[in-house]
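Written below as structure tokens is the structure these notes are about.
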Amino acid sequence: MSINKRGFALLLGMGTSFLLILAGVVLVLVYAIISDQTTIHLSFYFTCIFFLSVFCGGYAAGIKGGIRNWVPAGLIGPITGGMVLLLFYSTAFFIPGLTELLTMILVPAFVSSTGALLAANRGRRQERLNRNKLTG
């Protein structure tokens, strides 16, 4: 597999991750406009959107890049988490602690590489099934 194909797979995974986060933020804005509540608690929602987007980004990278791409796809999580931390720091002026750094950097790396590994294994299984159908 060429470097260009793996690079494209990682960019596709990163784009998928950012697109899902953007869609989640748009849904929150629509909910905030439609809702007549004065206080909205969305921390669990944002956590689910964040980890789902990182997993799907890794999954997209694993489908496009194959089995060799699951380790580099782990970079999707820390990059996305770092961007979210940078956004929080620039808007809320807080200094992240150790738990925030672990939650936004290390755990997403594990989640995105897991998504890429699952996609690559799924692709290998599909190739094996197709090969068995042709020979059998």
Side-chain angles (χ1 to χ4, degrees):
M1 174 180 300
S2 70
I3 292 176
N4 288 337
K5 187 174 179 182
R6 278 198 291 180
F8 176 73
L10 290 175
L11 287 176
L12 178 70
M14 185 65 72
T16 302
S17 181
F18 282 133
L19 184 66
L20 287 174
I21 286 178
L22 184 64
V25 169
V26 167
L27 286 174
V28 164
L29 289 176
V30 168
Y31 176 73
I33 291 170
I34 292 173
S35 175
D36 58 348
Q37 295 177 348
T38 58
T39 305
I40 300 172
H41 299 283
L42 296 170
S43 62
F44 180 73
Y45 173 77
F46 278 124
T47 303
C48 290
I49 290 296
F50 176 67
F51 283 113
L52 180 69
S53 71
V54 169
F55 179 81
C56 290
Y59 196 82
I63 285 175
K64 192 68 176 170
I67 193 72
R68 288 183 162 182
N69 210 29
W70 77 272
V71 174
L75 292 175
I76 292 171
I79 290 172
T80 306
M83 293 290 192
V84 170
L85 277 177
L86 183 67
L87 177 71
F88 285 160
Y89 180 71
S90 65
T91 58
F93 300 112
F94 82 100
I95 297 174
L98 183 62
T99 57
E100 286 89 8
L101 288 175
L102 286 174
T103 304
M104 300 301 279
I105 305 272
L106 291 179
V107 175
F110 176 74
V111 171
S112 62
S113 62
T114 301
L117 186 60
L118 285 173
N121 285 337
R122 181 179 163 259
R124 286 284 207 201
R125 191 176 317 127
Q126 290 291 336
E127 288 175 8
R128 199 174 318 125
L129 288 174
N130 289 340
R131 196 174 327 129
N132 287 341
K133 285 181 183 178
L134 293 175
T135 59

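Predicted model only: the values in this text are computed from it and were never measured. No hydrogens, no waters, no symmetry mates; every other heavy atom, side chains included, goes into these values.
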Let me have the donor-acceptor pairs involving side chains of residues 83-96, under 3.5 Å, with sequence neighbours excluded, atom names and distances please.
{"residue": "Ser90", "atom": "OG", "partner": "Leu86", "partner atom": "O", "Å": "3.1"}
{"residue": "Ser90", "atom": "OG", "partner": "Leu87", "partner atom": "O", "Å": "3.0"}
{"residue": "Thr91", "atom": "OG1", "partner": "Leu87", "partner atom": "O", "Å": "2.9"}

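- Residues Phe55 and Ser112 are not in side-chain contact: their nearest non-hydrogen atoms beyond the backbone lie 4.5 Å or more apart.
- Here the closest heavy-atom approach between residue Leu75 and residue Met14 is recorded as O-CE, 4.4 Å.
- By the side chain to side chain donor-acceptor pair (under 3.5 Å) test, Ser17 is found to be paired with Thr80, residues two or more places apart in sequence or in another chain being considered.
- We find the CG-OG1 distance between Leu118 and Thr114 to be 6.5 Å, quoted to the nearest 0.5 Å.
- Rounding to the nearest 0.5 Å gives a distance of 4.5 Å between OH of Tyr45 and CG of Leu27.
- Residues Leu10 and Asn69 have side chains in contact (heavy-atom distance under 4.5 Å, counting atoms from C-beta outward).
- At least one side-chain heavy atom of Thr47 sits less than 4.5 Å from a side-chain heavy atom of Phe51.
- Around CZ of Phe110, the count of heavy atoms belonging to other residues, nucleotides or ligands within 6.0 Å does not exceed 12.
- One hydrophobic cluster, built from ILVMFWY side chains closer than 4.5 Å, holds both Tyr31 and Phe46.
- Nearest approach of Leu20 to Cys56, heavy atoms of both residues: CD1-CB, 3.5 Å.
- Smallest separation of non-hydrogen atoms from Pro78 and Ile105: CG-O, 3.6 Å.
- Distance check, rounded to the nearest 0.5 Å: CD1 of Ile76 to OH of Tyr59 gives 14.0 Å.
- Think of Leu52 as one node in a network of Ile, Leu, Val, Met, Phe, Trp and Tyr side chains linked at under 4.5 Å; it has no links at all.
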